[in-house]
Visitor: 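Sharing a structure below in structure tokens format, with a few things to ask.
Values reported hereafter were calculated over all heavy atoms of this structure, with side chains retained and with hydrogens, waters and symmetry mates removed. Chain letters run A, B, ... following the sequence lines, proteins first, then strands; residues in each count from 1.
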Amino acid sequence: MNTVPITDLAAVVRSKNAGPYELTLDIMFRDERDYRFLKEMNFFTGALFAGLYGIPESKIITVVYFDAAFAVKCTIVRPTVSGAPGDTDIYGAQQHAPLLNLRVPLRKA
Amino acid sequence: MKRAAYKVLSPTAILGYGFPERSFRKGVEKKPDLIAVDAGSTDPGPHYLGVGKSFTSRSAVKRDLEMMLEGAIGLSLPCIIGTAGGSGAREHVAWTESIIREIAKERGYSFRMAVIYADVSKRDIVSAMRKGKVYPLPPAPEITPDEVSKSVRVVAQMGAEPVIDALEQGCQVILCGRCYDPIPFAAPAILKGYDPGLALHMGKILECAAIAATPGSGADCIMGTLFDDCFELESLNDQRQFTCISTAAHTLYEKTDPYHLPGPGGSLDLKGTRFEPLEGGRVRVTGSAFVPADPYTVKLEGVKPAGFRTISIAGIRDPILIGRLDSVLETIRQQTKEATGFDGSILFHVYGKNAVMGEMEPEREGQPREVGLVMEVIGDTQRSANDACSYARSTLLHFGYPGRISTAGNLALLYSPSDIPCGKVYVFNIYHLMEVDDPRALFPMKIYEVKP
């Protein structure tokens, strides 16, 4: 199957705290058809996100699709509680970069 | 009976973030029923609740409040401020109250004001714990009464009930301590009998103001209009608009799960929510439902001290040192501890090499051309942190690592003085739900007749 960089299809790729103990990752697609295609093949799984971040699947809290925004969201346990000694991203706003390297299957035009 | 439209003006994402005067005036011309703002967040981290200070500046908060009070007094509207001073503890509320009183004096305003506090005593928490009425919000850990005793400040997020009480007592300005973010926008509508699911979902979007529009901004005004069976959103700046995607995208923002948003006394169920585009860059939202919870729970937020921090910032450009930096830094850490007897934390943040993502960084190949180094020391006292940071910095500056040919100094120190004492460090240690019998009991209110 042909694959393309996710940046060809996504309008938004971002990370942010969901409270001080969780980090949430959002990918939103520009075209509903790309979103539906990847949702139907269940491309985004806990295992996929765990692999991208080098974390055990037990740290994945949820992977959920949100049709209204053509979006998939993954929430993980923060490696360090926000602002605690050793935390390096208080707002969790720069933890999305591994998602930008992702290649995703391309639907047939 | 069909209720009239209920219009809520939200000037900015956080009180003190500012907004264009033109957008605000346009909102006032549309004759809103309420001006409300959220002033807080846990996002800036545990420090602000710990020290009892705001993460916004006094002059910026005063400027925003001047415009809001002028609008509210001019149109005889309620003006509601949630999570005063950023964290909503007693000190934060007092700080914001002093700004409001200063404005009233300078401008000659008179109004009835409610001040609602959200501090929770440690004794009440421990007593509830003993009855099994306090439980962690996973992944926050279980806590013991001993852990609660270490907190310096604990606040609870209030629901609509205390704000409704203030409105029923005729208060025009309502200053809230820690508050569930949508409440300042939703409480008056809930009092008037609008659907709480729609009122709270509208509040959820209004509390971030134009962040939910496109292009987004944390410093611009929007209007939400609530009806019996839907609400509508519009930007008050022609350069922005609401789209179904921008609105839906905001529903995901900072949430664990976009379909289920828990709050005081119940949760928002967005499984049936629909977004519909309207002309003029507006969006209509339907189908959001509030599901009451029994027992009623409120969220507690508390922080405890974790020592004192000192930092020093430097660059490194020497490729020989960068090539062996990890082992050099480990040696410096050990030497500092051995030489000074320091038993706190010594952390090295190497910007250019995994400083942002740490263990989660997937790309570890290649050597950076230069790196930024933040030396961070956390000790029991400011003095011990200063001493250890000074020792680590001077030792690293002149450290003779294997293969060194640059013998004059290893660091491009950024500042003189090179070491910066940062004061107390705090960490979140309470992030729990507490069952309450009465949603008002934790939130005492004072009412004042404010005169110039």
Side-chain angles (χ1 to χ4, degrees), chain A residues 11-12 14-30 32 50-55 58-59 61-102, chain B residues 41-50 136-141 244-260 270 273-275 285 299 301 303 306-307 309 344-345 347 349 351 354-364 374 376-378 425-429 431:
Chain A
V12 172
R14 68 187 180 190
S15 69
K16 187 81 199 283
N17 291 350
Y21 290 83
E22 296 177 10
L23 182 74
T24 192
L25 309 164
D26 296 338
I27 301 171
M28 296 178 212
F29 292 89
R30 271 192 290 271
E32 183 173 2
L52 286 170
Y53 283 83
I55 56 175
S58 59
K59 298 289 179 192
I61 296 167
T62 172
V63 177
V64 55
Y65 292 89
F66 192 57
D67 292 352
F70 315 153
V72 60
K73 170 188 265 302
C74 173
T75 303
I76 68 173
V77 177
R78 251 179 161 280
T80 308
V81 179
S82 172
D87 182 31
T88 53
D89 188 354
I90 304 286
Y91 288 65
Q94 282 293 307
Q95 303 299 312
H96 59 290
L99 303 175
L100 299 172
N101 296 332
L102 197 59
Chain B
S41 173
T42 56
D43 257 348
H47 174 82
Y48 302 96
L49 180 57
L137 271 162
C244 292
I245 290 283
S246 79
T247 312
H250 186 71
T251 302
L252 291 173
Y253 183 62
E254 301 177 327
K255 313 292 186 304
T256 310
D257 171 350
Y259 295 109
H260 178 79
L270 303 187
T273 301
R274 296 289 172 267
F275 303 91
V285 184
K299 190 197 281 189
E301 295 162 354
V303 299
R309 176 184 282 125
S345 308
L347 303 167
H349 305 282
Y351 283 90
N354 313 344
V356 175
M357 296 197 61
E359 290 294 312
M360 293 201 300
E361 175 58 61
E363 293 172 52
R364 293 161 178 274
V374 178
E376 176 186 7
V377 175
I378 299 174
V425 179
Y426 293 92
V427 294
F428 285 109
N429 75 327
Y431 199 67

Visitor: Look at the side chain of N354(B) and the backbone N and O of G358(B), then say whether any donor-acceptor pair between them is shorter than 3.5 Å.
Guide: no
Visitor: Go through the atoms of P44(B) and report whether side chain, backbone, both or neither lie under 4.5 Å from a heavy atom of chain A.
Guide: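 Both backbone and side chain.
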Visitor: What about the rings of F428(B) and Y21(A), do their centers lie closer together than 6.0 Å?
Guide: no
Visitor: With a 4.5 Å cut-off on heavy-atom pairs, point out which of V303(B), T42(B), L137(B), V356(B) contacts chain A the most.
Guide: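 Of the candidates given, the most pairs with chain A belong to V356(B).
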Visitor: Let's go through Y48(B) and Y426(B) carefully: what are the C-alpha distance in whole Å and the side-chain angles of both, what is the deciding distance for ring-ring contact (aromatic ring centres under 6.0 Å, His included) to 0.1 Å, and is it a yes or a no?
Guide: CA-CA 9 Å; Y48(B) 302 96; Y426(B) 293 92; over 10 Å; no
Visitor: Please look at R78(A) and chain B and tell me whether the side chain, the backbone, both or neither of the residue comes under 4.5 angstrom of a heavy atom of that chain.
Guide: neither
Visitor: Go through the atoms of I90(A) and report whether side chain, backbone, both or neither lie under 4.5 Å from a heavy atom of chain B.
Guide: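 Both parts, backbone and side chain.
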Visitor: Do K16(A) and D43(B) meet the salt-bridge criterion of a basic N to acidic O distance under 4.0 Å?
Guide: yes
Visitor: Taking all non-hydrogen atoms of both residues, which atom of T251(B) and which atom of K255(B) are closest, and how far apart?
Guide: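 T251(B) and K255(B) have their closest heavy atoms at O-CG, 3.3 Å.
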Visitor: I need the full list of salt bridge (Lys or Arg N to Asp or Glu O under 4.0 Å) pairs touching residues 61-71 of chain A, with sequence neighbours left out, sorted by first then second residue.
Guide: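 Pairs touching residues 61-71 of chain A that pass the test: R36(A)-D67(A), K39(A)-D67(A).
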Visitor: Identify which one of V63(A), D26(A), T62(A) satisfies the side chain to side chain contact (heavy atoms under 4.5 Å, CB included) criterion when paired with T75(A).
Guide: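 For T75(A), the side chain to side chain contact (heavy atoms under 4.5 Å, CB included) check succeeds only for T62(A).
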Visitor: Starting from the C-alpha separation in whole Å, work towards a yes-or-no answer on side chain to side chain donor-acceptor pair (under 3.5 Å) for K59(A) and Y53(A).
Guide: CA-CA 10 Å; K59(A) 298 289 179 192; Y53(A) 283 83; over 6 Å; no
Visitor: For A248(B) and A68(A), work out which heavy atoms get closest and say how close.
Guide: CB-O, 3.4 Å
Visitor: In terms of heavy-atom proximity below 4.5 Å to chain A, should A249(B) be classed as side chain, backbone, both, or neither?
Guide: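 When you check distances to chain A, atoms from both the backbone and side chain of A249(B) fall under 4.5 Å.
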Visitor: Given the options L252(B), I245(B), T247(B), which has more heavy-atom pairs under 4.5 Å with chain A than any of the others?
Guide: L252(B)
Visitor: Highest number of heavy-atom pairs under 4.5 Å with chain B: which of Q94(A), M28(A), K73(A)?
Guide: K73(A)
Visitor: In terms of heavy-atom pairs under 4.5 Å, which option from T256(B), V427(B), L347(B) contacts chain A the most?
Guide: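 Most pairs with chain A among the choices: T256(B).
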Visitor: Out of E254(B), E301(B), E363(B), H349(B), return the one with the most heavy atom pairs under 4.5 angstrom to chain A.
Guide: E254(B)
Visitor: Distance check, rounded to the nearest 0.5 Å: N101(A) atom CG versus L99(A) atom CG?
Guide: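 It comes to 9.0 Å.
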Visitor: Nearest 0.5 angstrom please: Y259(B) OH to Y65(A) OH, how far?
Guide: 11.0 Å
Visitor: Looking at E359(B), M357(B), R309(B), E361(B), which one has more heavy-atom pairs under 4.5 Å with chain A than the rest?
Guide: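 Answer, by heavy-atom pair count under 4.5 Å with chain A: M357(B).
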Visitor: Count the heavy-atom pairs under 4.5 Å between each of A69(A), G54(A), P20(A) and chain B, then report the option with the highest count.
Guide: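 Highest number of pairs under 4.5 Å: P20(A).
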Visitor: In terms of heavy-atom proximity below 4.5 Å to chain B, should F29(A) be classed as side chain, backbone, both, or neither?
Guide: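 Contact with chain B: none, neither part.
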Visitor: Say you draw a straight line from CD1 of I76(A) to OG1 of T24(A); how long is it, rounded to the nearest 0.5 Å?
Guide: 9.0 Å
Visitor: Of the listed residues (G45(B), C244(B), P139(B)), which shares the most heavy-atom pairs with chain A below a 4.5 Å separation?
Guide: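 Greatest number of close heavy-atom pairs with chain A: P139(B).
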Visitor: What residues of residues 79-86 of chain A sit under 4.5 Å from chain B when you count only heavy atoms?
Guide: P79(A), V81(A), S82(A), G83(A), A84(A), P85(A), G86(A)
